[in-house]
Amino acid sequence: MLSILMRPTAKSLPPKPLSKLTLRTTTTTTMKEPQPFDETTTPHADRLIATLDTNPPIKTLRNLHTHLILRSLAADPHTSIKLMRAYAARGDTVTVRSLFDGIPQKTVVSFNVLIRSYVNNGLHREALLAFRDMSAHRARPDNYTFPCALKACSCGGEGFLVVARQIHAAALKPGLDANLYVGNALITMYFKCARSSADARRVFSSMARDVVSWNALIAGLAQKGESVEAVTALKEMVGAARRVEPDGGTLASVLPALTSGASVDDIAFVGGVFDGMRRKVSVAWNAMIAAYVNNSMPAEALMIFNRMEAEGAEPNEVTYASVIPACGDHSALGEGRRVHEQVEAKGLRPNIVLENALIGMYAKCGRFDLARGVFKSMRRHDIVSWTSMVSAYGMHGHGEESLRLFEQMLGSGLSPDAIAFVAVLFACSHSGLLDEGRGLFDRMVHKYRIVPRLEHFSCMVDLFGRAGQVEEAYELIKTMPMNPNDKIWGALLGGCRAHSNTSIGLIAADELFKLSPKESGYYVLLSNIYAKAEKWDKVETVRNVMKIRGVAKAPGCSKVELGKTVHTFLIGDQSHPQSKEIYAELDALSARMKEAGYVTLTESALHDVEEEDKEGHLAVHSEKLAIAFAIINTEPGTPILITKNLRICDDCHRAIKVISAIAGREIIVRDTNRFHRFELGACSCGDYW
DNA sequence: GTAGGGTTAG
């Protein structure tokens, strides 16, 4: 058991590497027979104790502890404290407590370590009880105690405000509120325990400030949803007369204020703060990558990651957990695989967070096989792993598989949460599994007691709408307990379009124009409905309304990865260096497509482009350009993955089916919310999307 | 011998 500490080589090693040796050999030595005890090779007591500071794994720690007991070294108060700290770092608060109980004379320090152990392991109640017990042991809380006790209150949230105020008052008496650590803990405590930000701000403005104080202020505001105030605070910090340099923590703190919907200016400002940092610690890199990922800027996130590598900063698991989804969002399969290799090479697996991210990344890159490979190779699966796989199947139109997997998850004993149901309901809607979807919704509400959210209703409306039950979908919207959002009405409008229901379609469109008057997609959907009904005057009206309201059509844009680069094409794009060849290839394809009996569907072309462009190159949808580009630049037979920012139009859908047959290519198109896999003239969506 | 803010997957 004590073998690792008694290796014959230990004596010849200099003091420093001992801890490394101990750490590194743990896993292997546990397999071996214990080596005979040899007094001459026993490490010096100082070195053993020093090893406690290296955050040893729990097994090593227990060995070490036993060894210290056997050598009567464990009873020393200083050593006890170190042992407590080491056990706390490994989450063993029970042992921490028993070590504490074994200390005959409790000092402030021993209390401080105990309280901190509890707080860091989520036991804030126990921490506060220990704090209360201090007076009975005549231990006076000091500048180390108060920050921990206040942090315990912060973890407890609003219910702990009264206790927290008492602790604040207790800190005032010895004048400890002037201590930076105490002050900073007070800022965070008031943000977490008090409803308004006023108390926190008051503490902040009345004290001396360092970088942590600013970070606490920014984090508190950002987490309270006061995004504008958080960014303003960051600007004040940067422009403050007594300059405080932002650090990685500053960027991490402002991050919640930059989640989806942050202004371009704010993101640029934060990017500027990042660029201006002289020393960039890993948290800074990670936060910047996350900021871009959270704002749908995966290309920028990948650029930061590449810069990080170029500058020799070491990516850690947090970095990978952010950059892997960026690869997925950007459909950068090559980059994703490269990152995956790094994860493997660094031995970061098993790591469920990274593995779950990898599943999602491969699924988004159309590599269902690789997603499944990661899933199968995992040591254990949690709700996120299963949900990732369920939605991977769903996105690829494998509704039945998705359902089977969902049931398998239930069979494994995990209980589904709201997000798992979103995934499986989504899969049902995209495969037209009406009855199954209905049954699942019922089980969700009655068996699992999950209160349906907007997303669930959105799936159900979609499910009914696609299945042609537009009235039932509308009925559901009218009876649901919350206000429908644009996604819900959009799902209804989509159903109306698929099943030519003009009257309900108009109702949906009306609501949508109130909720999202600038969203061009809804106008296009409505005009599609009119076009299908051949109401050309109405089509014209919709177009005019768009002009009057200044609604710009979102330009169709398709991405395709070649080597390390993701190439982007806009509708009618002629800016690519290979533009000539691309259009030549398209012409050649068109000729062969006509031979194969393909005729242009004017209905969809009509509403995505202006009349006069219909025959010209401006009419060429981006996905066709991307496909032609990929055909030219890859070996015959290579599968092609295209990612689109809009829903694929009918004409392109028909055209790509034909192209897949005549070019002999598997073509996978990821549009706004699902995958189309075209092969041999057919699509995996079964023309139902 | 001990302390404050902050980054990761569906």
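The sequence lines fix the lettering, A, B, ..., with proteins before strands; numbering per chain opens at 1. Predicted model only: the values in this text are computed from it and were never measured.
A cation-pi contact, defined as under 6.0 Å to the ring centre and within 45° of the axis, is absent between A:R443 and A:Y448. Geometrically, A:K224 does not engage A:F191 in a cation-pi contact, judged by NZ or CZ lying under 6.0 Å from the ring centre and within 45° of the ring axis. In this structure, A:K106 is positioned above the aromatic face of A:F100, its NZ or CZ under 6.0 Å from the six-membered ring centre and within 45° of the axis.
A donor N or O paired with an acceptor N or O is not found under 3.5 Å between the base of B:dG10 and the side-chain atoms of A:S388. One donor-acceptor pair, N or O on each side, does fall under 3.5 Å between the base of B:dG10 and the side chain of A:D417.
A:T93 and A:N121 share no side-chain donor-acceptor pair at under 3.5 Å. Side-chain contact annotation: A:N356 with A:D382, donor-acceptor N/O pair under 3.5 Å present.
A:Y144 has its ring centre no less than 6.0 Å from the ring centre of A:Y181. Close placement of the A:F441 and A:F457 rings is indicated, their centers lying within 6.0 Å of each other. Taking the six-membered ring wherever Trp is involved, the centroid distance between the rings of A:F111 and A:H137 falls below 6.0 Å. Aromatic pair A:Y362/A:H340: ring centres closer than 6.0 Å. The distance between the ring centers of A:H381 and A:F375 falls below 6.0 angstrom.
Per the geometry, CD1 belonging to A:I115 stands 15 Å off C1' belonging to B:dG1, to the nearest Å. Nucleotide B:dG1 holds its C1' atom 14 Å from the CZ atom of A:F100, rounded to whole Å. We find that CD1 of A:I49 is positioned 12 Å from P of B:dG1, with the value rounded to whole Å. In this structure, CE of A:M361 is placed 12 Å from P of B:dG10, rounded to the nearest angstrom. In this structure, the CD1 atom of A:I289 is 15 Å from the C1' atom of B:dA9, given to the nearest Å. At whole-Å resolution of the value, CH2 in A:W386 and P in B:dA9 are 22 Å apart. When the P atom of B:dG10 is taken as reference, atom CG of A:L414 falls 17 Å away, rounded to whole Å. With rounding to whole Å, A:I81 atom CD1 is found 11 Å from B:dG1 atom P.
Among the nucleotides B:dA9, B:dG6, B:dT2, the one closest to any side-chain atom of A:Q223 is B:dG6. Of the candidates B:dG1, B:dA9, B:dG10, B:dG1 carries the atom nearest the A:V109 side chain, counting heavy atoms from C-beta on. Distances were taken from every side-chain heavy atom of A:L255 (C-beta onward) to each of B:dG6, B:dG10, B:dT7; the shortest belongs to B:dT7. Proximity note for A:T387 (side chain, C-beta onward) versus B:dG1, B:dG10, B:dT7: the nearest is B:dG10. Nearest to the side-chain atoms of A:V283 among the listed nucleotides B:dG6, B:dA9, B:dT2 stands B:dG6. The nucleotide whose nearest atom lies closest to any side-chain atom of A:A420 is, among B:dT7, B:dG10, B:dA9, B:dG10. Checked against B:dG10, B:dG6, B:dA9, the side chain of A:A219 finds its nearest nucleotide in B:dG6.
Within residues 82-89 of chain A, the residues approaching DNA chain B are A:R85, by heavy-atom distance under 4.0 Å. Only A:N143, A:Y144, listed by number, bring a heavy atom of residues 133-145 of chain A to less than 4.0 angstrom from any atom of DNA chain B. Annotation: proximity of residues 196-213 of chain A to DNA chain B (heavy atom, distance under 4.0 Å) is found for A:D210, A:V212, numbered in ascending order. The stretch residues 314-324 of chain A comes close to DNA chain B through A:E317, A:V318, A:A321, A:S322, each having a heavy atom under 4.0 Å from the strand.
Considering only residues two or more places apart in sequence or on other chains, A:Y320 meets the side chain to side chain donor-acceptor pair (under 3.5 Å) condition with A:Q342, A:K346. Applying the side chain to side chain donor-acceptor pair (under 3.5 Å) rule to A:T643 yields the partners A:S331; only residues at least two apart in sequence or on another chain are considered.
No side-chain heavy atom of A:K487 sits less than 4.5 Å from a side-chain heavy atom of A:E455.
When A:M297, A:M288, A:E309 are each tested for a side chain to side chain contact (heavy atoms under 4.5 Å, CB included) with A:I304, only one passes: A:M288.
Using a 4.0 Å heavy-atom cutoff across all strands shown, A:T107 reaches at least one base atom of the nucleic acid. Among the atoms of the strands shown, base atoms are found under 4.0 Å from some heavy atom of A:D247. Using a 4.0 Å heavy-atom criterion, one finds that A:G183 contacts no nucleic acid atom at all.
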Exercise. Kindly determine whether A:N112 and A:D142 satisfy side-chain hydrogen bond (donor to acceptor under 3.5 Å, both in side chains), including the steps that lead there.
Key: CA-CA 9 Å; A:N112 290 346; A:D142 64 6; 3.3 Å; yes
